[in-house]
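Working notes, structure below.
Labels below follow one simple rule: chain letters A, B, ... track the order of the sequence lines, proteins then strands, and each chain is numbered from 1. Predicted model only: the values in this text are computed from it and were never measured.
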2 protein chains.
Amino acid sequence: MATYKTRAQFVADDLRGRILGGEFQGGTQLRQDALASDYDVSRIPVREALLTLESEGLVEFHPHRGAFTTELSVARIRELFELRILLETHTLRRAIDCLTDADLKKAEDILEKYDKALDSGGEIGNWSEYNFAFHHALYAPSELPETLAIISQLNTKSDRYIRMQLLYTQEIEKAEREHHGLLELARRGDVEQACELLKTHIQEACEGIVAVLEERTTLTEQC
Amino acid sequence: MATYKTRAQFVADDLRGRILGGEFQGGTQLRQDALASDYDVSRIPVREALLTLESEGLVEFHPHRGAFTTELSVARIRELFELRILLETHTLRRAIDCLTDADLKKAEDILEKYDKALDSGGEIGNWSEYNFAFHHALYAPSELPETLAIISQLNTKSDRYIRMQLLYTQEIEKAEREHHGLLELARRGDVEQACELLKTHIQEACEGIVAVLEERTTLTEQC
DNA sequence: TCATTGTAGTTTGTATACAATGTGCAAAAC
DNA sequence: GTTTTGCACATTGTATACAAACTACAATGA
C-alpha cells in the first residue's frame, strides 16, 4: 500500500524532498535522463514530476534547455517571508475566532510529539514537517482552503532555507518556545498578541536565514 | 514568429482561454484523446498542458480518472477576492512609494487603448487582459515578483467568473471609471485613498459575481 | 586575432505503442 | 428483486523510438 498512485507522483514527492534537503545547488540542471534512470522509470513521468515541482516554485523550465533548480535572492526571501506574515496573521485571526477545543487539542498533540522527538535526539530531518503541521493545525479552523494552499506553497518555497538556517544555528528550541506561546495565546483568544507573536516568529526566522546566507556568500567570495 | 516554443505551451495557452471563455461547465471531464485530436498533437503535450492548468487551479487531476475543470463555490470566490484585496492593496501601497513618471505613463497608455476599444464596440473578449494589464502596470513598480505571481494566479482563477459577470451586467464602464480614479490617486501619491478605492473596486466586483451566481443557481433549481 | 558558420553530439520535446487502471453493463447468486 | 461477480470496453499512465532544438567546438574567412 506504500505504493504511490502514479510514478510521476512518486518521483515528484521524492525529488521535492531531495531538493529541499539541499542535495542540489541553486541553478543546477536536472537532467531528465539521469533522473529517469535514478528512479528506473522513463522520462515521461520525470517530466511530469518536474512540471509539478515547477508549479511549486522549486524548479524552472526553459524550453528545449531543461529544468533547473531555482535560487532565491535575499530580496526574494524577504518578500516570501513578508507574504507569509501578511497571509498567516490574516488566517490566524480568522482561525482564532472559530477555534474549538478539538482544534486546540490537535495542535497540542503535534507540539507534544515534537517536543518528545526533540528530547530524544535532535532529528532535524522532518522538523519542517512538524513545524508546518503545527502552523497548519492553528490555521485550519479558519476554513480558508485557497489561503491555506498559498501559505503551504510559500512554506515549501522557503523550506530549504529554513533547513539551512537550522543546520547552522540552534534556533529550534526558540521556535519551540514561541509555538507554545502561540498556542497559549490562541487558547485565551488573544488575537492581537497572537498575531504579534506570529509576526515576530516569522520575521526573526527570516533574519536568521538572511544572516546565514550573507555569511556564506562572503565566505565563498573569500575563497 | 507567432509560433510557440513548445506544443505543450500552445495547448495550455489555448485551452486556458477556452476554459476562461466558459466553453466548459465546471466539473467537465477533459478527455486527453479528444483534446489531442483537437490540436492535432499526441496526448503527451496535452497531459503536460493539463498539468500546467492544474497548477493554475483551472483543472483538477484524479489519478487514472482524468482531468476535470474546477468549479468554485461562492465561499471560495469570496475567499479569492478577499485574498486579492489583501495582496493587491499591500502591493499598491509599495508601488505608489516608488512610482516613476514612466510607470504612470505605461498605466495611462493601457487605460487609453482600453477606452478606445470600448468606444469602438464592446469587445468583451480580451477585456480581462486589459484589466489585468492595467492593474499589473500599477503594481509592477513595487518590484515584488513573488507577490505579483500570486496576484496573477488569483486573477486567473477568478477570471472566468468576472467574464460571466460582465456578460450579465454592464459593469465595464463603472470599472473603467474606477481605474481612472485609481490612476489619479496614484499620481497624487495618495496611498490611503487609492487602497480604499482598490478595496471597494475588488469588493464590488465580487458581490456582482456572487449575485449573478446565486441568481443562476436559483434559476436552474426552478427547472 | 576575432567573428562566423557549419557540424557532431547531447538533450529535450513529441509520436506511437503498450500496460494498467477504472467504468459500466450483463449474468449469476442469493 | 437486489446484490455481487466477471468481463469487455474506454481511458489514463508509461515505455520506447524518433524528431527537433540547443551546445560546443572546429574550420573558414575577413
Quickly work out the [X] [atom1] to [N] [atom2] distance and round it to whole Å.
X     : N      : atom1 : atom2 : answer
B:Q32 : C:dT16 : CD    : P     : 16 Å
B:E48 : C:dT14 : CD    : C1'   : 9 Å
B:E54 : D:dG13 : CD    : P     : 10 Å
A:H64 : D:dA19 : NE2   : C1'   : 11 Å
A:Y39 : D:dA15 : OH    : P     : 14 Å
B:I44 : C:dT14 : CD1   : P     : 10 Å
B:D33 : C:dA17 : CG    : P     : 13 Å
A:L35 : D:dA15 : CG    : C1'   : 17 Å

Handout entry: B:S42 side chain near C:dT14 phosphate (N/O to OP1/OP2, under 4.0 Å)
Key =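 No, outside the criterion.
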Practice task
Look at the side-chain N and O atoms of B:Q29 and state whether any lies under 4.0 Å from the OP1 or OP2 oxygen of D:dT12.
Solution key: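 Yes, such a contact exists.
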Exercise for the section: Kindly assign one of parallel, tilted or perpendicular to the pair B:H201 and B:H135, based on the angle between their ring planes and the thresholds 30° and 60°. Expected result: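 It falls in the parallel class, under 30°.
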Practice task
Evaluate the ring planes of A:H136 and A:F132, with Trp represented by its six-membered ring, and classify them as parallel (under 30°), tilted (30 to 60°) or perpendicular (over 60°).
Solution key: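 Plane angle between 30° and 60°, so tilted.
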Handout entry: Exercise: do B:Q29 and B:R31 side chains pair donor with acceptor under 3.5 Å
Key =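 Short answer, yes.
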Handout entry: Side-chain donor-acceptor contact under 3.5 Å, B:Q25 with B:T69
Key =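 No donor-acceptor contact under 3.5 Å links the two side chains.
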Problem - Earlier contact from the 5' end, DNA chain D, for A:R65 and B:H62 - result: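 Between the two, 5'-proximity favours B:H62.
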Exercise for the section: Could you check whether A:R43 gets within reach of a base, just the sugar-phosphate, or nothing at all, counting any heavy atom under 4.0 Å? Expected result: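 Since a base atom lies under 4.0 Å of A:R43, the category is base.
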Exercise for the section: Answer with base, sugar-phosphate or nothing: what part of the nucleic acid does B:R47 contact at a heavy-atom distance below 4.0 Å? Expected result: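 Answer is base: heavy atoms of B:R47 come under 4.0 Å of a base.
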